[in-house]
Amino acid sequence: MFYGTTPGWLEVISGVMFSGKSEELIRRVRRAVIARKKVQVFKSHLDARYAGVYAVSSHDGTIVEAEPVQSAIEIMERVRPDTEVVAVDEAQFLDKGIVRVANALARRGVRVIVAGTDSDFRAEPFGAMAELMSSAEVVDKLHAICVVCGGPASLNQRLVNGKPAPYESPQIMVGGRESYEARCRHCHEVPRKDEGQGDLLP
Ligand code: ADP
Ligand code: ZN
């Protein structure tokens with residue numbers, strides 16, 4: 001944990017799906033509540049998977065729940081003037097405005113904790129995560145376990161009908177029949193139409 005002498009900084013929790021980003025975010029939120037800080041938690045409305053997980057309660061009965069937001073500016077509008085800690089989960093789904101919002105809140109004296117997966121199913125940067133990482137005081141990159149080889153996994157494998165999704169498939173599939181696995185670089189598969197040039201492309 002980073003303790004600045006002047007309040008207000010940005011912490012990013014990045015990593016592949018299943019790497020424990022939400023667990024870590026909740027751990028930090030719970031501790032902030034125990035420290036009697038005024039906390040608000042937000043998450044992209046696109047993530048409806050874990051409704052209820054964010055109800056973090058303190059011994060004095062305070063309950064913090066994640067507020068779903070459609071856009072980064074909505075976070076700015078909803079943050080109360082006395083809020084000391086702002087946590088944002090699934091930040092890769094938010095628009096690039098999250099970079100300005102996170103920095104503005106940090107400058108204002110808020111401890112900002114942002115969690116999100118930093119690479120998409122193609123192993124390319126996801127949303128504003130790279131920019132958030134570059135302006136953060138603290139970055140943690142968590143790993144999951146590769147379901148193929150058992151090594152440390154840092155990439156999201158998208159499967160459609162059990163098969164690796166092609167490069168051309170959209171970055172965000174809402175309500176699709178796709179599933180995800182955590183895989184390492186060596187076991188990650190993104191088939192391309194032109195397989196011959198695959199290794200030369202980014
Ligand atoms: P994230 O927010 O990064 O998607 P979560 O905090 O929701 O991660 O979930 C992390 C939990 O997922 C782990 O504690 C573990 O119990 C479980 N899990 C499922 N599959 C894996 C995997 N392949 N590697 C590591 N943990 C996994
Ligand atoms: Zn592997």
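Numbering of ligands and ligand atoms starts at 1, following listing order.
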Margin query: Which heavy atom of Q171 sits nearest to which heavy atom of F121, and what is that distance?
Written below: CA-CE2, 4.2 Å
Checklist line | Ion pair E168/R192, N-O distance below 4.0 Å | finding: no
Check: With a 4.0 Å cut-off on heavy atoms, is V16 touching ligand 1?
Finding: yes
Check: atom 10 (C) of ligand 1: which of E90, E23, H143 has the nearest heavy atom?
Finding: E23
Next item on the list: Calculate the angle formed at the Zn ion (ligand 2) by SG in C149 and SG in C184; 10° precision is enough.
Entry: 110°
Check: Can K21 and E24 be counted as an ion pair, charged N to O under 4.0 angstrom?
Finding: no
Note to self: Taking a cutoff of less than 4.0 Å between a non-hydrogen atom of the residue and any ligand atom, is G15 in contact with ligand 1?
What the structure shows: no
Check: Is R158 close enough and on-axis enough to Y180, meaning under 6.0 Å and within 45°, for cation-pi?
Finding: no
Check: Hey, does A182 come in under 3.5 Å of ligand 1, counting only N/O atoms on both sides?
Finding: no
Notebook entry, point to check: Atoms of ligand 1 less than 4.0 Å from A144 heavy atoms?
Noted result: 24 (N), 25 (C)
Notebook entry, point to check: Is the shortest side-chain N to carboxylate O distance from K141 to D118 below 4.0 Å?
Noted result: yes
Notebook entry, point to check: Taking both backbone and side-chain atoms of G20, is any N or O found less than 3.5 Å from an N or O belonging to ligand 1?
Noted result: yes
